[in-house]
Amino acid sequence: MKAAVVVFPGSNCDRDLAVAFERAGFEVAMVWHKESALPAGVDIVGVPGGFSYGDYLRCGAIAAQSPICKAVVEHANRGGYVIGICNGFQVLTETGVLPGALLRNAGLKYICRSVDLKVTTADSVFTEGYCAGDVISVPIAHHDGNYFADAETIAKLQGEDRIAFTYCDNPNGAMADIAGILSQNRRVLGMMPHPERAADAAHGGTDGVAVFRALAGIVATA
Amino acid sequence: MKARVHVMLKEGVLDPQGEAVRHALGAMGFDKVTGVRQGKVIDLTLAADSSEADVTDMCEKLLANTVIESYSIELL
């Protein structure tokens with residue numbers, strides 16, 4: 001089982017994500033943004049949190065144009081698994097792999113604390129380790145986590161059961177309390193909260209570990 | 001050739017920064033201000049054989065996120 005973690009200038013959760021993948025049983029390759037291809041045999045690509053290219057222009061906008069992102073989009077289009085966390089979620093919306101966009105938090109503040117999330121669907125490789133309706137505690141750390149999409153897109157996400165996580169107490173103004181969404185084929189997850197920062201008892205909680213464990217279970221048996 | 005691109009959040013998309021500016025103006029006594037929208041201006045210096053279509057392409061692909069932003073182009 002192979003995972004690739006993309007590293008942009010400004011990524012700061014890349015190692016945390018790599019460790020979470022490793023603990024779940026993946027062999028991990030770190031891939032620099034200037035690479036134009038993913039290592040052979042990669043099952044899942046992780047786009048980590050951070051501040052790629054300093055958040056210049058818009059969060060994730062410049063990263064989405066990087067050479068490696070073209071390979072990530074192709075991987076997703078081929079049906080490969082991708083997880084984008086925080087800035088990684090912003091990058092995936094900027095590439096168009098996931099719908100919508102992330103706006104400035106409604107309260108204008110950078111928020112860094114643990115929040116309660118509701119697992120909205122257990123029907124994905126990322127959320128199968130939970131039951132729909134479970135409430136988990138996962139850290140957030142973002143200034144631009146306010147999920148926005150037009151009404152039609154929100155209705156489609158709801159109708160297709162593609163909202164993976166919602167906030168119990170919406171911290172940033174996200175539409176429909178959305179914290180994370182799935183692609184149409186359910187193989188791409190984008191989320192603002194950081195499950196990789198809740199994957200070890202030393203982090204103060206392990207509620208995020210099931211995201212990686214469920215994925216590893218499915219990739220191993222595929 | 002020079003071009004100026006104005007990027008604005010679309011109508012209907014909450015602009016919390018614009019709202020914060022409106023609040024501040026109100027607190028300063030500028031109570032005639034009923035709305036503030038904040039955007040950005042990007043000035044481009046281009047080769048002489050560039051066209052407005054080139055700039056449109058740049059806006060669509062990078063300078064604006066058309067999910068949430070609108071843009072206008074001014075050739076200078």
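When reading the values below, keep in mind they use all heavy atoms of this one structure, side chains included, and skip hydrogens, waters and symmetry mates. Every chain is numbered from 1, with letters handed out A, B, ... down the list of sequences.
- Environment of CZ in Arg15(A): sparse, with no more than 12 heavy atoms of neighbouring residues, nucleotides or ligands closer than 6.0 Å.
- Interface residues of residues 65-76 of chain B toward chain A, defined by a heavy-atom distance below 4.5 Å and sorted by number: Asn65(B), Val67(B), Ile68(B), Glu69(B).
- Between the side chain of Asn87(A) and the backbone N or O of Ser52(A) there is at least one donor-acceptor pair closer than 3.5 Å.
- Ring-plane geometry between Tyr53(A) and Phe8(A) is classed as tilted, the angle between the planes lying from 30 to 60 degrees on a 0 to 90 degree scale.
- Chain A forms the most heavy-atom pairs under 4.5 Å with one residue out of Val13(B), Val7(B), Leu9(B), and that residue is Val13(B).
- When heavy atoms are compared at a cutoff of 4.5 Å, Leu57(A) approaches chain B by way of both its backbone and its side chain.
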Working for side-chain hydrogen bond (donor to acceptor under 3.5 Å, both in side chains), residues Thr121(A) and Asp161(A) = CA-CA 7 Å; Thr121(A) 179; Asp161(A) 190 30; 2.8 Å; yes
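- Side chain of Asn105(A) to backbone of Leu108(A): no donor-acceptor contact under 3.5 angstrom is found.
- Atom NZ of Lys70(A) sits in a crowded spot, with more than 12 heavy atoms from other residues, nucleotides or ligands closer than 6.0 Å.
- Heavy atoms of other residues, nucleotides or ligands lying less than 6.0 angstrom from OH of Tyr110(A) number more than 12.
- Around NZ of Lys10(B), the count of heavy atoms belonging to other residues, nucleotides or ligands within 6.0 Å exceeds 12.
- Between the side chain of Asp207(A) and the backbone N or O of Ser137(A), at least one donor-acceptor pair lies under 3.5 Å.
- No option in Arg104(A), Arg58(A), Gln90(A) other than Arg104(A) meets the side chain to side chain donor-acceptor pair (under 3.5 Å) test with Asp144(A).
- Listed in order of number, the residues of residues 32-55 of chain B that approach chain A to under 4.5 Å between heavy atoms are Lys40(B), Ile42(B).
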